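Note that the coordinates shown come from a computational prediction; the quantities given were computed from them, not determined experimentally.
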Amino acid sequence: MISSSPDAAAMERLQKARGQILEQLSRVIVGQHQVIEELLICLFSRGHCLLEGVPGLAKTLMISTLAKSLDLPFSRVQFTPDLMPADIIGTDVLEEDRATGARQLRFLEGPLFANVVLADEINRTPPKTQAALLEAMQERQVSVGRVRHKLVDPFFVLATQNPIEQEGTYPLPEAQQDRFMFKVFVRYPSFHEEFEIARRTTGLPGEEARPVLSADDIINLQRSVREVPISDHLVRYALTLVRQTRPSEKGVPAFVADQLSWGAGPRAVQFLVIGSKARALLQGRSHVTLDDIQSLAAPVLRHRIVVGFAAESEGVTPDTIIQQIIDTTPSREDELTRDARFQTIFAS
């Protein structure tokens, strides 16, 4: 067990921050409670998030409203087929001092130099520009020529992609999707939610979100998340879920070997553990539970595993396989450690 733990004041701050943000978002966004919860988990875990949904589900509005409630500089980049890396990173320009005639290069920052960056329709821009964004996400810096420029902290990238109209798009390879902590599905609203959307958006403009958290507040809360303790059993359980997605590993279930062609890497375990810590704090607990890990398994793993062609043609989805893995993995420590199949996984 990790010895340190967040103090009561840190827990209270995060609870208060969650309530304030949800209150501001509810002024503009109807429903989508699970999506918003996963965005907040991602934010306080220092991760990045990929949102997928059909047009018209308020993905862009949700992200811009979240940025307004955080009192952080926000920039939106509409990804297009002609967008170049310099358009998002920035570029060097030659400036002349009119008094002396001296010339020097000055770096003009691109839209990535903001705390919250919305990469809208990331699958509509060429791989060269996608790679520039993903490098910035991982390294939290950009390189122009021989000079490296640090990005601001906190740095939170939310990318959206449209699952339909795939002609003329550049789908993110699985290896690059791995940079995103979560892949979140934005689904159609319920009847009552859509009724409220129609009523609210066809009348006079309502209230806008107001800022409730500063950059320093978010950095302190992100630090508090890492102080949340987690037992060795739950770390072992999270690792067991991830290792069972790798079809070539010993001890994996037969349905994984038959239906998956590639599994998740070590980054999935890291995100699963840190995300569970953030979820625990957001729900008012000072420790991680099994439910935290199971609830986040799908958003962490669904973009890190590759379903084989035959299984995909039969309607098998990553979420289906993830749920099967959870259902066939013992949750009790004694059952997990004594099972012969899992002993094989632990020994590999």
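Atom CZ of residue R46 and atom CZ of residue R140 lie 4.0 Å apart, to the nearest 0.5 angstrom. To the nearest 0.5 angstrom, L134 atom CG is 9.5 Å from Q177 atom CD. Distance CD1/I41 to CZ/F182: 5.0 Å, rounded to 0.5 Å. Atom CE of M181 sits about 9.0 Å away from atom SG of C49, to the nearest 0.5 Å. Expressed to the nearest 0.5 Å, how far CG of L43 lies from CG of L221 amounts to 9.0 Å. Separating the CD atom in E139 from the CG atom in L151 is a distance of 10.5 Å, to the nearest 0.5 Å.
Under a hydrophobic-cluster definition in which Ile, Leu, Val, Met, Phe, Trp and Tyr are linked whenever side-chain heavy atoms come within less than 4.5 Å, directly or via other members, M62 and F74 are assigned to the same cluster. In terms of hydrophobic clustering, with Ile, Leu, Val, Met, Phe, Trp and Tyr side chains grouped at heavy-atom distances under 4.5 Å, F255 and W262 are assigned to different clusters. Grouping the Ile, Leu, Val, Met, Phe, Trp and Tyr side chains by contacts below 4.5 angstrom, directly or via other members, places L51 with Y188. Follow the hydrophobic side-chain contacts under 4.5 Å out from V77 and you never reach L108; the two are in separate clusters. Side-chain heavy atoms closer than 4.5 Å link hydrophobic residues (I, L, V, M, F, W, Y) into clusters, and following such links, even through other members, never connects F185 to L118.
Closest heavy-atom contact between T328 and F342: O-CZ, 3.7 Å. Taking every heavy atom of both residues into account, A238 and L272 meet most closely at CB-CD2, 3.8 Å. The shortest non-hydrogen separation linking Q259 to I321 is OE1-CG1, 3.6 Å. When all heavy atoms are compared, the tightest approach of F79 to L133 is CZ-CD2, 3.9 Å. P73 and A114 make their closest contact through O-CB, 3.6 Å (heavy atoms, listed as atom of the first residue, atom of the second, distance). Residues L83 and P126 share a closest heavy-atom pair of O-CD, 4.1 Å.
Using a distance-only test at 3.5 Å, with no hydrogens or angles considered, a donor-acceptor pair links the side chain of R246 to the main chain of A264. Side-chain atoms of T344 never come within 3.5 Å of backbone atoms of K250 as a donor-acceptor pair (strictly under, hydrogens ignored). H233 contributes a side-chain N or O that, together with a main-chain N or O of S331, makes up a donor-acceptor pair within less than 3.5 Å. For the pair Q244 (side chain) and P253 (backbone), a donor-acceptor distance under 3.5 Å is absent. Judged by distance alone, the side chain of D339 and the main-chain N or O of L336 form no donor-acceptor pair under 3.5 Å. Using a distance-only test at 3.5 Å, with no hydrogens or angles considered, no donor-acceptor pair links the side chain of T125 to the main chain of I122. Not a single donor-acceptor pair under 3.5 Å links the side chain of N220 to the backbone N or O of D217. When atom types are taken as modelled, the side chain of S295 and the backbone of D292 share no donor-acceptor pair closer than 3.5 angstrom. Looking only at distances, a side-chain donor or acceptor of R285 sits under 3.5 Å from a matching main-chain atom of H287. In this structure, E121 contributes its side chain and T160 its backbone to no donor-acceptor pair below 3.5 Å.
D327 meets the side-chain hydrogen bond (donor to acceptor under 3.5 Å, both in side chains) test with Q323; sequence neighbours excluded.
If you check the side chains of T80 and D82, you find a donor sitting under 3.5 Å from an acceptor.
In this structure, R338 places its CZ atom where only 12 or fewer heavy-atom neighbours from other residues, nucleotides or ligands lie under 6.0 Å away.
In this structure, the side chains of E196 and E193 stay at 4.5 Å or more apart for every pair of heavy atoms. A heavy-atom distance below 4.5 Å is not found between the side chains of L66 and V116. Counting heavy atoms from C-beta on, the side chains of R304 and R267 come closer than 4.5 Å. Between V184 and L39, every side-chain heavy-atom pair lies at or beyond the 4.5 Å cut-off. Two residues are said to be in side-chain contact when any heavy atoms from C-beta on lie closer than 4.5 Å; E38 and Q34 meet this criterion. Residues I230 and K277 have side chains in contact (heavy-atom distance under 4.5 Å, counting atoms from C-beta outward). Counting heavy atoms from C-beta outward, S224 and F44 have side chains that stay 4.5 Å or more apart. Inter-residue side-chain proximity for L72 and I218 is flagged as met; some heavy-atom pair is nearer than 4.5 Å.
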What side-chain donor-acceptor pairs closer than 3.5 Å can you find for residues 306-314, not counting sequence neighbours?
{"residue": "S313", "atom": "OG", "partner": "F309", "partner atom": "O", "Å": "3.4"}
{"residue": "S313", "atom": "OG", "partner": "A310", "partner atom": "O", "Å": "2.6"}

Residue pair L290, Y237: steps toward the side chain to side chain contact (heavy atoms under 4.5 Å, CB included) verdict: CA-CA 8 Å; L290 187 76; Y237 179 83; 3.5 Å; yes

Please walk me through it: do C42 and F180 pass side chain to side chain contact (heavy atoms under 4.5 Å, CB included)? CA-CA 9 Å; C42 202; F180 290 95; over 6 Å; no

Before you tell me yes or no, could you show the steps for V288 and V273 under side chain to side chain contact (heavy atoms under 4.5 Å, CB included), namely the whole-Å CA-CA distance, both residues' side-chain angles and the distance that decides it to 0.1 Å? CA-CA 9 Å; V288 177; V273 170; over 6 Å; no

Give the intermediate values and the outcome of side chain to side chain contact (heavy atoms under 4.5 Å, CB included) for residues R76 and Q78. CA-CA 7 Å; R76 176 186 179 226; Q78 182 65 51; 2.8 Å; yes

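The pair R179-E135 fails the salt-bridge criterion, with no side-chain N (NZ, NE, NH1 or NH2) lying under 4.0 Å from an Asp/Glu carboxylate O.
Listed by first and then second residue, the ring pair (Phe, Tyr, Trp, His ring centres under 6.0 Å) pairs involving residues 109-148 are F107-F113 (not counting sequence neighbours).
With respect to E37, the side-chain hydrogen bond (donor to acceptor under 3.5 Å, both in side chains) criterion is satisfied by exactly one of R279, Q283, R18: R18.
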